[in-house]
Amino acid sequence: MRTIVVFSGAGLSTESGIPTFRGKDGLWENHRVEDVAEHEAWWKDKELVLRFYKERFEKIAACEPNAAHKAIAKLQEKFHVVNFTQNIDDLLERAGCENVVHIHGRINCAKCEHHRDISNLDGDNNFTCNYKTVIKEPIQFGDKCKWCEGQMRPDVVFFGEAVPLSYDLISGYVSTVKYQNGVFICVGTSIQVYPAGYLVSFFSQVKNKYIVDINPQRVADYTLLKGKASEELPKLAEQLLAEEPEVAQE
Ligand code: OAD
């Protein structure tokens with residue numbers, strides 16, 4: 001099976017009702033960024049940060065995958081599909097996608113506030129804990145780590161924290177897609193945040209590469225598909241599936 005890598009941002013989920021970050025309906029409008037999604041903010045006012053993420057948790061739980069998420073899942077019929085998403089929602093998984101890497105974390109996962117993933121630790125400086133767990137309800141103030149009694153927090157990358165992104169993993173997929181004459185699709189991201197944004201330059205080496213966006217940036221020799229993800233991705237998926245020979249049944 002050939003491999004397709006899909007790199008996505010908030011524009012993939014906005015038609016499901018989850019606001020983008022930099023659009024007019026920007027997610028941050030009713031909350032100042034430095035008040036809620038920033039490393040220092042956690043140590044200043046944990047309850048406020050938890051209230052903000054409770055709001056995001058409930059918003060995402062009330063949303064459904066849209067036609068774009070479903071189109072990506074449908075590509076799995078004939079391709080090995082790997083998603084690298086900046087989104088913390090689980091709409092790709094709920095649409096049936098099996099391989100999803102959340103570069104900026106996941107809303108339905110919690111970790112200890114002393115977790116080793118968090119590069120610039122505060123509180124008990126050098127102490128680190130490894131406890132993480134999937135959650136079905138929003139985290140409450142007072143939800144303690146089972147291992148060290150620290151306060152549980154969203155397993156999301158706050159501003160000012162390092163992004164755990166494996167360059168080996170990415171370059172491995174670049175070689176695979178290149179070797180197999182596979183496909184790279186960038187959908188619904190302003191490509192303004194790094195290191196996630198590096199994927200677009202890393203995958204520029206592959207032949208078949210697309211940018212799907214209502215307002216696509218001109219990136220050297222990428223095929224630009226200007227339009228809504230929920231309209232453009234199903235069309236692209238249909239074209240790729242039609243051109244791909246039937247998979248031999250094992
Ligand atoms: P942005 O809000 O920066 O960009 C959203 C992109 O989606 C823009 O390019 C829009 O043109 C496009 N768009 C909007 N609606 C669309 C639609 N219906 N169909 C297709 N495209 C559409 O969001 P991101 O690029 O995801 O980081 O932002 C990246 C990161 O910045 C986020 O992960 C977050 C933020 O800081 C962290 O939380 C660490």
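What you see is a predicted model, and the numbers here were worked out from it, not measured in a lab. In what follows, residues are counted from 1 in the order of the sequence shown.
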Out of the candidates L48, L50, V36, only one should pair with W42 under the side-chain contact (heavy atoms from CB on, under 4.5 Å) rule; please name it.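 The residue from L48, L50, V36 that satisfies side-chain contact (heavy atoms from CB on, under 4.5 Å) with W42 turns out to be L50.
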So which of D213, V212, V187 actually passes side-chain contact (heavy atoms from CB on, under 4.5 Å) with L225?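 Of all the options given, the one that passes is V212.
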Side-chain ([X]) to main-chain ([Y]) donor-acceptor, under 3.5 angstrom:
X: E38; Y: E40; value: yes
X: E93; Y: V100; value: no
X: H69; Y: A95; value: no
X: N208; Y: N181; value: yes

With E244, which residues qualify under side-chain contact (heavy atoms from CB on, under 4.5 Å), at least two apart?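 Only R2, K78, F79 meet the side-chain contact (heavy atoms from CB on, under 4.5 Å) criterion with E244.
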Same cluster (ILVMFWY, side-chain, under 4.5 Å), V177 and V82: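 Looking at the clustering, V82 is in the same group as V177.
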Same cluster (ILVMFWY, side-chain, under 4.5 Å), L199 and I185: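 No, L199 does not connect to I185 through the hydrophobic network.
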N83 vs N99, side-chain hydrogen bond (donor to acceptor under 3.5 Å, both in side chains): CA-CA, chis, key distance, verdict: CA-CA 6 Å; N83 285 279; N99 304 294; over 6 Å; no
Using the salt bridge (Lys or Arg N to Asp or Glu O under 4.0 Å) criterion, which residues pair with E137? Sequence neighbours excluded.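 Listed in chain order: nothing, the list is empty.
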Report the residues that fulfil salt bridge (Lys or Arg N to Asp or Glu O under 4.0 Å) with K228, sequence neighbours left out, ordered by chain and then residue number.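 For K228, no residue satisfies salt bridge (Lys or Arg N to Asp or Glu O under 4.0 Å) once neighbours in sequence are set aside.
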Using the test side chain to side chain donor-acceptor pair (under 3.5 Å), find all partners of E58 that sit at least two apart in sequence or belong to another chain.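 Counting only residues at least two positions away or on another chain, E58 forms a side chain to side chain donor-acceptor pair (under 3.5 Å) with K54.
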Who passes side chain to side chain donor-acceptor pair (under 3.5 Å) against K178, sequence neighbours left out?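 Residues passing side chain to side chain donor-acceptor pair (under 3.5 Å) with K178: Q205.
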Does K207 have more than 12 heavy atoms from other residues, nucleotides or ligands lying within 6.0 Å of its NZ?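 Counting other residues, nucleotides and ligands, NZ of K207 stays at 12 neighbours or fewer.
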What I want to find out is whether R94 reaches D89 closely enough, with some N-O distance under 4.0 Å, to be called a salt bridge.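 Looking at D89 together with R94, the answer is no, because their closest N to O distance does not fall below 4.0 Å.
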Please determine whether a side-chain nitrogen of the Lys or Arg among E232 and K226 lies less than 4.0 Å from a carboxylate oxygen of the Asp or Glu.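 Answer for the salt bridge query: no.
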List the atom pairs, with distances to 0.1 Å, where a side-chain N or O of residues 150-160 and a protein N or O form a donor-acceptor pair under 3.5 Å, not counting sequence neighbours.
from : atom 1 : to   : atom 2 : distance (Å)
Q151 : OE1    : G142 : N      : 2.8
Q151 : NE2    : Q140 : O      : 3.2
Q151 : NE2    : D143 : O      : 3.4
R153 : NH1    : E161 : OE2    : 2.8
R153 : NH2    : V156 : O      : 2.7
R153 : NH2    : E161 : OE1    : 3.1
D155 : OD1    : K111 : NZ     : 3.3
D155 : OD2    : K132 : NZ     : 3.4

Does the side chain of S16 pick up a donor-acceptor pair with the side chain of N66 at under 3.5 Å?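 There is such a pair (donor and acceptor under 3.5 Å, judged by atom type) between the side chains of S16 and N66.
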Which of parallel (below 30°), tilted (30 to 60°) and perpendicular (above 60°) describes Y198 and F202?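 Aromatic pair Y198/F202 classed parallel.
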Does K209 make a cation-pi contact with F203, if we ask for NZ or CZ under 6.0 Å from the ring centre and within 45° of the axis?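 No cation-pi geometry.
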